[in-house]
There are 2 protein chains.
Amino acid sequence: MNLSNPKRRITIKDVAQAAGVSTQTVSRVMNKFSYVSEETRLRVEAVVEELGYRPSTLARSLIQQRSYTLGIVTYGLKYIGPSRTLNGIADQADKLGYMLVMKELDNLDSSRIEDVIDSLLARQVDGILWAVPEIGDNHAWLDGRLQNISVPVLFIAMHPRPGVSSVATDNYQGAVTATEHLLSIGKRRIGHISGPLSWWEAMERKRGWRETLQKAGLDASEQQCSEGNWSPASGEQAFFQLLEKFPDLDSVFVANDQMALSVLREAHRQGITIPEQLAVIGFDNIPESAHFYPSLTTISQDLQLLGEEAVQSIVQMVQARQNRESIVAESRFIQPTLVIRESTAIQ
Amino acid sequence: MNLSNPKRRITIKDVAQAAGVSTQTVSRVMNKFSYVSEETRLRVEAVVEELGYRPSTLARSLIQQRSYTLGIVTYGLKYIGPSRTLNGIADQADKLGYMLVMKELDNLDSSRIEDVIDSLLARQVDGILWAVPEIGDNHAWLDGRLQNISVPVLFIAMHPRPGVSSVATDNYQGAVTATEHLLSIGKRRIGHISGPLSWWEAMERKRGWRETLQKAGLDASEQQCSEGNWSPASGEQAFFQLLEKFPDLDSVFVANDQMALSVLREAHRQGITIPEQLAVIGFDNIPESAHFYPSLTTISQDLQLLGEEAVQSIVQMVQARQNRESIVAESRFIQPTLVIRESTAIQ
DNA sequence: TGCTATTATGTTATCGATAACATGTTATCG
DNA sequence: CGATAACATGTTATCGATAACATAATAGCA
C-alpha cells in the first residue's frame, strides 16, 4: 500500500511488469472466474497489494460499454422530501454496486433538459432516474424524446403513462385514507388545503379527498378548499382563506405537514381547540410532526423506500437490456400509511 | 437530431466519415480554438447536429487524465442539513462545469473509508469533497492517508487542521452571538441543551456558550446544561433533565432548532411563558422555525453557501494542481447570523 | 525569389483496461 | 498411445477520444 511516487497513477502495466506477467493475466486475476494458476494469482495479488493498484473504472467502462453508474436528475434538494428519496437511492445503488452521477435542475421549465440528458449520456450512464416532480406539462418532453434515449429511464413521482416506467407514492390512496380517518372520528364538514394544483401530487391528494367525500354522500365543493404552495407561510394564508370560505368546518386535511404546522399554530392562536373543534391531518410525516403542539396525525410516505425501489427497478431494466431481453414498462405505487396522533385523537 | 439506429452510439468516427474529414478535424471543431476553415467547420457542425453527436466524456477523460468530475462523500442525506449543503454543492458544480459522483456513508465508523476513496479515485475524480460530520475520531484516518491521495481533498465542517483545507460554519461564533443575545435581553441564568458532544459542531456550540458566560462573569457549570442527540425526542428528554438540574433558569440556548421545538412545546404544556419566564434560542434556522408557536429566535447558518464555497475552493485547488502550482491549504469559516423572533422578543 | 509564419488538415501514438484470438501445456479417456 | 478437453498464459485489436507529430498550401516579408 506504499507508493514511492504518489503523483503517477498505478496502471495494470506496472502491475504486469512487476509481477512478470502480461496485462491480460493481471486482468484475469482482478476479475476472477478465469483460468489462472494458484501460484500466479498469489504473486499478482501480492504486487497489487504492494503497489496499491486499483483498476481504472474509466478505462473499463470504455471498453465494456458499461459504466455501473446511474444518472440521477433531481430538483429541490434543499427540501426534505427530495433528499430523503435521494438517500434511498444512494443506499440502494451502493448495495447493488452502482455509482451515482447527479444533476440538480435549478428550475422546472424544460430549457435545460436536453443538456442534462446529453451530459449524462456522455458519461455513459447505464440508466437514468428522473426524480423531478411533475408540474404542469414539464414532463411533456418525454413523449417525443424518450425512445431516442439509448439507456433505460425510470421516472419517480410521475403520473403513470403507458409504455413508461415509473414509481410513485400512491398520493390518491393516501388522501383517501386521510379523509376516511376524519370521517371515522365523526367529522362531516371536512375542508382541504391543497398544494399548488399544477403539481400532479397535489392534484392526486385533492382528488382523493374529493372522491372520498362524494362517495360518502357529502359535499366537496371548491368552497371547502384553498391552495397553498407547500410552505408553512402559505399554509397560514390558505387557512385564513379557508376559514372565511367555509367557516363551519370541523376538520381539515392539509396536503403536507409543513402547511399543517401553520394551521395548528393559527388555530391555537385563535383559541380553536384541536381536535375537538377542528381535527387536523397532514401528509408526509416529517420528523417534527410528532413534536408539534398538539402532535400531528399524518399520512406517512416512505420516500427512502421509494428511492430504493426506484434503483432496484432501473437496475433490473439495465440488466435486461444488457441481456438483450425486452424491457416491459411498468408503473408502480408505494402505499403510504396512516399515523394517528393528538390532532385527531378523539376519545 | 434524427438517428436511424438508436441502439449504437454515434462516435467521432461516424461524424468524420459523414463529413468527409478526419476524426482529428472533428475534434478540432468540437473544441474550438484551433485552425479549421470556416467552410469545414460549418459542414462538420451540420453533421454533428444531424447525427446528434455528443463526445464521450469517458474517452476524453481517459486521454486527458482529467474528468471534470468531483467526488462527494456525504452522510445523513435524510436530514435537512446535509442535503442543503449538497444543494449548494450541486448548484455551484454545475455552474463551474463539473459533474458530481456521490457516495453516501451509511455509518460513521471508518470501515468503508478506504473503499470509498478508492472507488472515487478509480473514477478519476479531479477532487474530493468530504462532507461528513466530524464525530469522535472519525477523521483520524486522514493523518496518515491524505498525502497519498493523488487529488485535492477539501473537508466540510471539520475542526481546522494545519495543512488541510476545510470550510465550516463558525459554530463557536454563532453560539457566542446566541448567548450574547440572551444576555442583551436581560437574562442571566442561561442554560444550554447541547448536541451529542462527540460531534465537533456540538462541542463548538457549547464552548461558545460557556466562554461567553464566563467572560460576562457568570457561571457556566455542568449543572446548567444537558445533552441531546439533535432529534426532537431527545430535546424533550434533555429539557426535562435541565429543568431538574437547573430549576431557576430564565433562558436556554438549544443547539439546534429541532430540539428547540420540543422545548417550546414542553414549556407551553407546563405553562411556562415564553419568552418572559423562559427565553429560547435555537440554531440552524430550519424553515419551520418561523412558524413554531411561538416563532423561534435562532442562529441561521447558510449551508447552501457553505456548499458553494466548498466547490469553489476545491475547483481552485484542482486548477492549481493542473497548472503544477503548489496548493496552499486553508481553513475557512462562514459566519452564521442571528434571526430574532418571538421566543426571545422582550419589549 | 526564397524563406519563414500562418493556416488547414491528416496520420500515428496514446490513455488503461478488456475482448477475441492464438498458443502451449497438462490431464483424460477410449 | 494419440486425440480431445481443460487449463494457463500471451498477443493483438479495440473502446472513443485527444496529443504529438507530419504535411501541405497559402501568405507575408526581407
Side-chain angles (χ1 to χ4, degrees), chain A residues 7-45 47-48 51-69 118-119 121-126 150 322, chain B residues 7-45 47-48 51-69 118-119 121-126 150 322:
Chain A
K7 314 226 166 195
R8 210 176 59 78
R9 211 191 150 78
I10 305 292
T11 76
I12 198 171
K13 279 186 197 162
D14 302 317
V15 178
Q17 192 163 28
V21 295
S22 73
T23 60
Q24 188 59 224
T25 300
V26 177
S27 173
R28 285 184 183 114
V29 171
M30 297 304 290
N31 295 288
K32 321 271 192 243
F33 306 118
S34 188
Y35 301 127
V36 182
S37 70
E38 190 62 15
E39 187 201 330
T40 312
R41 178 204 314 292
L42 290 174
R43 185 151 36 98
V44 171
E45 278 172 349
V47 174
V48 165
L51 298 182
Y53 166 67
R54 283 279 153 167
S56 158
T57 320
L58 229 60
R60 176 185 284 158
S61 300
L62 187 57
I63 186 75
Q64 294 194 152
Q65 302 286 75
R66 168 128 203 230
S67 63
Y68 286 95
T69 301
D118 282 340
S119 76
L121 292 179
R123 298 270 157 168
Q124 234 102 331
V125 296
D126 293 337
S150 49
Q322 217 78 26
Chain B
K7 315 227 167 195
R8 212 176 57 77
R9 210 192 151 78
I10 305 291
T11 76
I12 199 170
K13 277 186 198 162
D14 302 317
V15 177
Q17 192 163 28
V21 296
S22 73
T23 61
Q24 187 58 226
T25 300
V26 177
S27 173
R28 284 183 185 116
V29 171
M30 298 304 290
N31 295 288
K32 321 270 194 247
F33 307 117
S34 187
Y35 302 126
V36 182
S37 70
E38 189 62 14
E39 188 201 331
T40 312
R41 178 204 315 292
L42 290 174
R43 184 152 38 98
V44 171
E45 279 171 349
V47 174
V48 165
L51 299 183
Y53 166 66
R54 283 280 153 165
S56 157
T57 320
L58 229 60
R60 177 185 282 158
S61 300
L62 187 58
I63 185 74
Q64 293 192 154
Q65 303 286 74
R66 167 129 205 230
S67 64
Y68 286 95
T69 300
D118 281 339
S119 76
L121 291 179
R123 298 270 156 168
Q124 234 101 331
V125 296
D126 294 337
S150 49
Q322 216 78 25

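Chain letters run A, B, ... following the sequence lines, proteins first and then strands; every chain starts at 1. Atom set for the values below is all heavy atoms of this structure, side chains included, hydrogens, waters and symmetry mates excluded.
The shortest distance between side-chain heavy atoms of B:Ser61 and B:Gln124 does not fall below 4.5 Å. Counting heavy atoms from C-beta on, the side chains of B:Val44 and B:Val47 never come closer than 4.5 Å. Side-chain contact between A:Arg123 and B:Thr69 is present, with at least one heavy-atom pair separated by less than 4.5 Å. Taking 4.5 Å as the limit, some side-chain heavy atom of B:Asp126 sits within range of a side-chain heavy atom of B:Arg66. Residues B:Arg28 and B:Val21 fail the side-chain proximity criterion, which asks for heavy atoms closer than 4.5 Å.
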### Task
Summarise how protein sits on nucleotides 11-21 of chain D as a single string, 5' to 3': B when a protein heavy atom is under 4.0 Å from the base, S for sugar-phosphate-only contact, - for no contact.
B--BBBSBBB-
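The 12-atom threshold is not exceeded at CD of A:Gln17, counting heavy atoms of other residues, nucleotides or ligands nearer than 6.0 Å.
Rounding to the nearest 0.5 Å places CG of B:Leu62 at 11.0 Å from CD1 of A:Ile63. Rounding to the nearest 0.5 Å places CD of B:Gln322 at 10.0 Å from CD of B:Gln65. Rounding to the nearest 0.5 Å gives a distance of 12.5 Å between CZ of A:Arg60 and CG of B:Leu58. Rounding to the nearest 0.5 Å gives a distance of 7.5 Å between CD1 of A:Ile12 and CD of A:Gln24.
Residue contacts for B:Thr40: at a heavy-atom cut-off of 4.0 Å it reaches the sugar-phosphate backbone alone, with no base atom in range. At the heavy-atom level, A:Ser61 lies nowhere under 4.0 Å from the strands shown.
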Each nucleotide N or O in nucleotides 25-29 of chain D that has a protein N or O under 3.5 Å away: list the pair and distance.
none

### Query
So what does the secondary structure string of DNA chain C come out as, 5' to 3', with Watson-Crick or wobble pairs under 3.5 angstrom, [ ] for crossing and | for pairs with another strand?
||||||||||||||||||||||||||||||
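With DNA chain D read from its 5' end, the first of the two nearest nucleotides for A:Val21 and A:Tyr35 is the one closest to A:Tyr35.
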